[in-house]
Amino acid sequence: MADLDHHNQMAVPIPKVITFLSSLLQRVSESNDQSHELHSAAKVSAFHGLTKPTISIQTYLERIFKYANCSPSCFVVAYVYLDRLAQRHPSLPIDSFNVHRLLITSVLVSAKFLDDLCYNNAYYAKVGGISTVEMNLLEIDFLFGLGFQLNVTLNTFHTYCSYLRAEVLSTQSNLPIPIKFYSFPEDEASHKKRLIA
């Protein structure tokens, strides 16, 4: 980690998307943790850790932002990917045991898909506190879990941004909001038709 300590010497302000996303994921993982205790129906996946990491979701996301040098948009797209994964695999809910590995993997995949330049898997593994072999396996598992559906329409991107903002506003005002991911209408059917045409 010594090489990470000297990286990014200038302090860059943390974008609000980091705070918004960490707030949402904290609520989702805590809710799913309680659900597991009641139902014990969740399957264990490659993303599942034996213990809950001691680093908070907020600090972990800030670490990824600081060292991965990816655009803030990558974090919104990572959120879209996490939601897609949750929708495709409801028996693998996001919880405190898998959220960190899911985050580092979703940001890695979104950075590779969106950004012109990004670090390799070995670097992301160091940032995420896992081995390169594990990072490679998680990336493959994640891509197959998404069915390789990585494109995010502009409309979908803006919808997810709006939901992240609403999440923070509702938690600050103590308004009740559902504690789960939502599948927003992406108009995938029309998007796929355009790709085929």
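Computed from heavy atoms alone, side chains included, the values below leave out hydrogens, waters and symmetry copies. Throughout, residue positions are numbered sequentially from 1 according to the sequence presented.
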* Structure fact -> NZ (Lys112) and OH (Tyr124) are apart, to the nearest 0.5 Å, by 9.0 Å

* Co-members of Val133 in a cluster of I, L, V, M, F, W and Y side chains, linked at under 4.5 Å -> Leu137

* side-chain contact (heavy atoms from CB on, under 4.5 Å) partner of Val76, chosen from Val17, Leu21, Leu114 -> Val17

* **Parallel, tilted or perpendicular, as decided by the 30° and 60° cut-offs, for the rings of Phe75 and Phe65** => tilted

* **With Arg165 via side-chain contact (heavy atoms from CB on, under 4.5 Å) - residues at least two apart** => Phe20, Cys161, Ser162

* Is the centre of the Phe148 ring less than 6.0 Å from the centre of the Phe144 ring? -> yes

* Asked: Can you list the residues that meet the side-chain contact (heavy atoms from CB on, under 4.5 Å) rule with Leu146, with sequence neighbours excluded?
  -> Tyr81, Arg84, Leu85, Phe142, Leu150

* Do Leu24 and Tyr79 have side chains that get closer than 4.5 Å, going by heavy atoms? -> yes

* Excluding sequence neighbours, so at least two apart, what forms salt bridge (Lys or Arg N to Asp or Glu O under 4.0 Å) with Glu134? -> Arg101

* Nearest heavy-atom pair of Cys74 and Ser110: which atoms, and what distance? -> O-OG, 2.9 Å

* How would you list, by chain and number, every residue that makes a side-chain contact (heavy atoms from CB on, under 4.5 Å) with Asp141, sequence neighbours excluded? -> Ala46, Phe47

* **All side-chain contact (heavy atoms from CB on, under 4.5 Å) counterparts of Thr132, not counting sequence neighbours** => Ala122, Ala125, Asn136

* Do the non-hydrogen side-chain atoms of Ile57 and Tyr60 ever get within less than 4.5 Å of each other? -> no

* Go through the side-chain N and O atoms of Ser29 and Asp95 and say whether any donor and acceptor fall under 3.5 Å apart. => no

* Asked: Going through the checks in order, is the side-chain contact (heavy atoms from CB on, under 4.5 Å) test met by Lys52 and His100?
  -> CA-CA 9 Å; Lys52 294 179 186 180; His100 293 79; over 6 Å; no

* Main-chain N/O of Gly128 paired with Arg63 side-chain donor or acceptor, under 3.5 Å -> no

